[in-house]
Protein chains: 2
Amino acid sequence: MYFWENYFFVTRSEENYIKTIFHLGDNSSDLVSTNAIAEQMDTKPSSVTDMAKKLAEKGFVNYKKYQGVSLTDFGINTALSIIRKHRLWEVFLVEKLDFSWDEVHEVAEQLEHIKSEKLIDSIDALLDFPKYDPHGDPIPSKDGKFMERHKQLLSDMALKTEGVCVGVKDTSAAFLKFLDKNRIALGNTIKVLEKEDFDQSLHIQMEGKELHISHQIASNLYIKKND
Amino acid sequence: MYFWENYFFVTRSEENYIKTIFHLGDNSSDLVSTNAIAEQMDTKPSSVTDMAKKLAEKGFVNYKKYQGVSLTDFGINTALSIIRKHRLWEVFLVEKLDFSWDEVHEVAEQLEHIKSEKLIDSIDALLDFPKYDPHGDPIPSKDGKFMERHKQLLSDMALKTEGVCVGVKDTSAAFLKFLDKNRIALGNTIKVLEKEDFDQSLHIQMEGKELHISHQIASNLYIKKND
DNA sequence: ACAAATTTTTAGATTTGTCTAAATTTTAAT
DNA sequence: ATTAAAATTTAGACAAATCTAAAAATTTGT
């Protein structure tokens, strides 16, 4: 990847756009709108248009006027490399520096832009090649492959079924802190005991104890069903 | 230092100027010239003038037209905080990720700009609060204090005196690789056996073996004399 | 299908950090 | 003490990334 770090310079701003387009595109191949990008990045649509042209010129996106943008293969690879760095740094912060999962995002947003292939590969090795980040999101490998776990929202699980909590949908500090306070953590075994029709809240069994949780919470927790 | 990371925003460019002014100022309180800064940073004197005004406005330097700049106390603290980060990251790269001492500078130049007090303090703790970086330079503590070792250049040592190699003056990759190739490393015990008047080269004893080194090399190695 | 609402783009301006070329100040030399 | 040389600053320009306001295209509602 000599190419990357030297010949083809990508600015921090470009990287942030590419990452955002990747997340909004959500592996479907349809176009992402200027407005959606602007809203997500807290910027103006006109700024997005300018950047869309630049990214198209550099080969990261296909841009159709008035339609939106989609990442090229090159753009997807670039996005995956940034996401890989972001998530590996998050694991590093939690595993090696005892950050809590609600503190890692901000710092990883900075660290993901550090340009050194050797650095991130060494971090990967130091962490023993983790497959998931502290929020349960998959970490792309060096060659851009990653395994999306077969998982479902707790709110979508059938009565009496059991599984392991493997991820969060909402990664806001507020939600993560709430989970900590209620001893809900990744790896916990959860069984749906009862569903309340009225407000769609759930009675669950988690690690032995019984718990009542709102729909809002249940619809932001990912569960991997037991085989 | 809440102040720092939020209220008072320092750009990466400003940080690089502050760092350069600190190094050129070399703890003497006299002014650093525009030209010197420009040369060191591979930029133009006119650019330095512009930045000098901005840094003065923000309180980092005292700027006297046609005379030069010197850091204020605030500027010195800022410089020490950047240098602290740079050197701690260098130790991290060597100690935890097995980088060699000639590979760390480039990456540390990027990492030193990451803004998170918790991050750098955690790295500091992880490394067990090192006092010196891989090149033997002192690491400022959180409150900006650091101990400059009592040391001298190998080329300035008297005949028959002995000491420990504690640092390098030239930190270029070329020099560091040369030292590696010749098994010269920090911590080695060195004794001056003979000095050649003609070219000022030295015969030394290092860790048992005898070695002939040029003045160029000897004048870039720091030795701490044995008590 | 057509007018209204929404989305997107264009045009022109701003900020940051840089440059070149010209003007000014300081330093050095005789 | 003048003048020549060197260093420094000013003025004006440029690229990147952003903004606002206005224009153009698309979508929506009836």
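Chain letters run A, B, ... following the sequence lines, proteins first, then strands; residues in each count from 1. All figures in this text were calculated on a predicted structure; none of them were measured in a lab.
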Its contact letters, B for base, S for sugar-phosphate only and - for none at protein heavy atoms under 4.0 Å, make nucleotides 24-29 of chain D read -SS---
Euclidean distance, atom CG of residue B:L31 to atom C1' of C:dT26 [Å, nearest integer]: 14 Å
Listed once per pair and sorted, the salt bridge (charged side-chain N to carboxylate O under 4.0 Å, His left out) pairs that draw on residues 65-84 of chain B, sequence neighbours left out: B:R84-B:D121, B:R84-B:D124
Positions of residues 36-43 of chain A (non-hydrogen atom under 4.0 Å from DNA chain D), listed by number: A:T43
Under 4.0 Å between any heavy atoms, over every strand shown, what does A:S13 touch: base, sugar-phosphate, or nothing? Just pick one. sugar-phosphate
Examine the base of C:dT16 for any acceptor or donor lying under 3.5 Å from a partner atom in the side chain of B:T11, and report the outcome as yes or no. no
With sugar-phosphate meaning primed atoms plus P, OP1 and OP2, does B:T34 contact a base, only sugar-phosphate, or nothing at under 4.0 Å between heavy atoms? sugar-phosphate
Below 4.0 angstrom from OP1 or OP2 of D:dT18, is there any side-chain N or O of A:Y17? yes
How would you list, by chain and number, every residue that makes a side chain to side chain donor-acceptor pair (under 3.5 Å) with A:E112, sequence neighbours excluded? A:K19, A:H86
Neighbour count above 12 (heavy atom, 6.0 Å) for A:E109 CD: yes
To the nearest angstrom, how far is B:K64 atom NZ from C:dT24 atom P? 24 Å
Can the positive tip of A:R149 be found less than 6.0 Å from the middle of the six-membered ring of A:Y222, inside 45° of the ring normal? no
Using atom CE of A:M51 as one end and atom P of C:dT10 as the other, report the distance to the nearest whole Å. 16 Å
Are A:H23 and A:Q40 close enough that a side-chain donor and a side-chain acceptor fall under 3.5 Å? no
The salt bridge (Lys or Arg N to Asp or Glu O under 4.0 Å) partners of B:E148 (sequence neighbours excluded) come to B:K151
Is there a side-chain contact between A:I114 and A:K85 in this structure, where contact means two heavy atoms from C-beta onward sitting under 4.5 Å apart? no
Determine whether a donor-acceptor pair (one donor, one acceptor, N or O, separation below 3.5 Å) exists between the side chain of A:S46 and the base of D:dT20. yes
Rounded to whole angstroms, how far apart are CD on A:E14 and P on D:dA15? 16 Å
Looking at side-chain heavy atoms only, is the closest gap between B:I184 and B:L221 below 4.5 Å? yes
Side-chain N or O of A:N35 less than 4.0 angstrom from OP1 or OP2 on C:dT8? yes
Is there a side-chain contact between A:K96 and A:L126 (heavy atoms, below 4.5 Å)? yes
What's the CD-C1' distance between A:E57 and D:dA15, to the nearest Å? 13 Å
Would you say B:T49 places a side-chain N or O within less than 4.0 Å of OP1 or OP2 belonging to D:dT9? yes
Write down the distance between CZ (A:F9) and P (D:dA16), rounded to a whole number of angstrom. 11 Å
Output the single nucleotide from D:dC19, C:dT9, D:dT10 whose closest atom is nearest the side chain of A:D50. D:dC19
B:K53 side chain near D:dT10 phosphate (N/O to OP1/OP2, under 4.0 Å): yes
B:S201: what forms a side chain to side chain donor-acceptor pair (under 3.5 Å) with it, not counting sequence neighbours? B:D199, B:H212
